[in-house]
2 protein chains.
Amino acid sequence: MKDMASLKRVDGLPTWLLSRANARAQAILHDAFGRAGVRGYHFRVLAALEEFGPVSQANLGRRTGIDRSDIVATLNDLVVKDLVSRAPDSNDRRQNVVTITRPGEEMLRRLDVALTEVQDVVLEPLNDRERATLIRLLAKLG
Amino acid sequence: MKDMASLKRVDGLPTWLLSRANARAQAILHDAFGRAGVRGYHFRVLAALEEFGPVSQANLGRRTGIDRSDIVATLNDLVVKDLVSRAPDSNDRRQNVVTITRPGEEMLRRLDVALTEVQDVVLEPLNDRERATLIRLLAKLG
DNA sequence: TTATATCGTTGGTCGTGCCAACGATTATGG
DNA sequence: CCATAATCGTTGGCACGACCAACGATATAA
C-alpha cells in the first residue's frame with residue numbers, strides 16, 4: 001500500500017498494525033529477494049531441500065507449507081535456473097526426486113546474507129530489548 | 001497456510017514471525033468479515049465514508065490507501081448491496097459523490113462488533129501487558 | 001486557447017494461498 | 001489375486017490485496 005491517512009476505525013487495531021508491519025517487512029524482503037531473482041516460494045523450497053536433502057515434491061510441499069500445485073510451478077522456475085534438479089524416483093514411479101544443485105546452494109548462501117540484512121532493516125526502529133520482546137510476543141501469537 | 005514443519009532457516013526470523021502472525025490474524029478477520037458478506041476493502045471504504053462523509057472516488061482511494069481502480073470494483077459491490085450510493089457530482093462532472101446509506105451504516109456497526117471480537121481472538125495467547133507491548137512495538141515498526 | 005491535470009473506468013499483472021480433478025502408479029483388504 | 005483406496009505430479013482454476021498503464025471526459029493553468 002502506497003500510503004494512507006489512517007482511518008479512525010482501524011488505527012491502532014492489532015489486526016491493522018500487524019498487516020501494516022508485515023506489509024512493510026514483506027516489501028523489504030521481496031525487494032531483497034527480487035535483486036537475487038527469486039521469490040519467497042523459491043527460497044523456501046531451496047531451504048527445505050538443503051535442510052532435508054532430496055525429497056519428493058509432495059514432501060517438499062508438506063515441509064514448506066506450500067501447496068503441491070504451487071510446488072510444481074516453483075520447481076519449474078528453479079529447474080530452468082538450474083538451482084534444482086528433478087528426476088523420476090526409480091523406487092516409486094509416482095514420485096520425483098528433487099535435489100538442490102551446486103548453483104542452488106550458492107544461491108541459498110546469497111539469500112541467507114540478504115535475509116539477515118533484511119531482518120536488521122525491518123527491525124531498525126526498535127532497540128535490542130524491544131526486538132527481543134517483539135520476537136517473543138510474535139512467536140506466542142503464532 | 002495449512003501448517004508446516006518449520007524450516008530451520010526461517011524459524012524465528014522477524015519477517016517470518018510477522019508473516020505467520022499476520023496470516024493467522026487475517027484469516028480470523030477474513031472469516032468474520034465473510035460471515036457478514038464483505039471483504040477488507042468493503043469495510044475500509046465504508047469506514048472512510050462514515051468518517052469523512054460523502055467524497056469522490058479518488059479521495060476515497062487516498063483516504064483508504066486503496067487504488068482508484070480497486071475503489072471502482074469495491075463500490076460496484078457496495079452499490080449492488082445498497083450499502084453505498086454513487087451519484088455524479090454536479091459541480092465537477094469528472095467526479096462521483098459516494099455516500100454511505102442507512103443499510104451501509106448498519107452494516108458498519110455490525111462490522112465494528114465483529115472487528116472488536118476478532119482483536120480479542122487474535123490476542124488471546126497474550127495477557128494484557130503483553131498485548132499493550134505488542135501494540136506499541138508494532139506501531140513503532142509501522 | 002492550448003496544454004496539463006484530474007477523474008472514473010477498463011483491463012491487465014504479481015505474489016501468496018487455496019481447491020478440484022485428472023491419469024498414472026502403488027498399497028491395502030477382501 | 002483382484003478390486004478399491006491412497007498417493008503422486010500436474011493442469012487449471014479462484015480469491016484477495018496490491019499495483020500499473022491507458023483511455024475518454026472534464027476541469028484548471030499558462
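Letters go in sequence order (proteins before strands), and every chain restarts at 1. For clarity, every value in this text was computed on a predicted model and none was experimentally measured.
- Distance alone, capped at 3.5 Å, places no donor-acceptor pair between the A/R20 side chain and the B/G142 backbone.
- At the heavy-atom level, A/S56 lies under 4.0 Å from the strands shown only through sugar-phosphate atoms.
- Contacts of B/R24 with the nucleic acid, taken as non-hydrogen atoms under 4.0 Å apart, are absent.
- By the 4.5 Å heavy-atom criterion applied to side chains, B/L18 and B/L138 are counted as neighbours.
- Of the two residues near DNA chain C, B/N59 and A/R94, the one whose nearest nucleotide lies more 5' is B/N59.
- Residue A/Q95 is the one, among A/Q95 and A/S19, whose nearest nucleotide of DNA chain D lies closer to the 5' end (criterion: closest heavy atom).
- Listed candidates were C/dT16, C/dG8, D/dT11. Nearest to the side chain of A/S69 is D/dT11.
- Without hydrogens or angle criteria, A/R44 side chain to A/T64 main chain gives a donor-acceptor distance under 3.5 Å.
- Distance, B/D67 CG to C/dC14 C1': 14 Å, rounded to whole Å.
- Computed from coordinates, the B/L60 CG to C/dT9 P distance equals 12 Å when rounded to whole Å.
- Nearest-nucleotide assignment on DNA chain C puts the 5′-proximal partner with B/V55, out of B/D70 and B/V55.
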Chi angles and distances behind the side-chain hydrogen bond (donor to acceptor under 3.5 Å, both in side chains) call for B/T15, A/Q119: CA-CA 7 Å; B/T15 46; A/Q119 307 307 311; 2.7 Å; yes

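- In this structure, A/D92 and B/N91 both approach DNA chain D, and ranking their closest nucleotides by distance from the 5' end singles out A/D92.
- Note on B/R68: a base of the nucleic acid sits closer than 4.0 angstrom, heavy atoms only.
- When rounded to the nearest whole Å, the span between CG of B/N22 and P of C/dT16 equals 14 Å.
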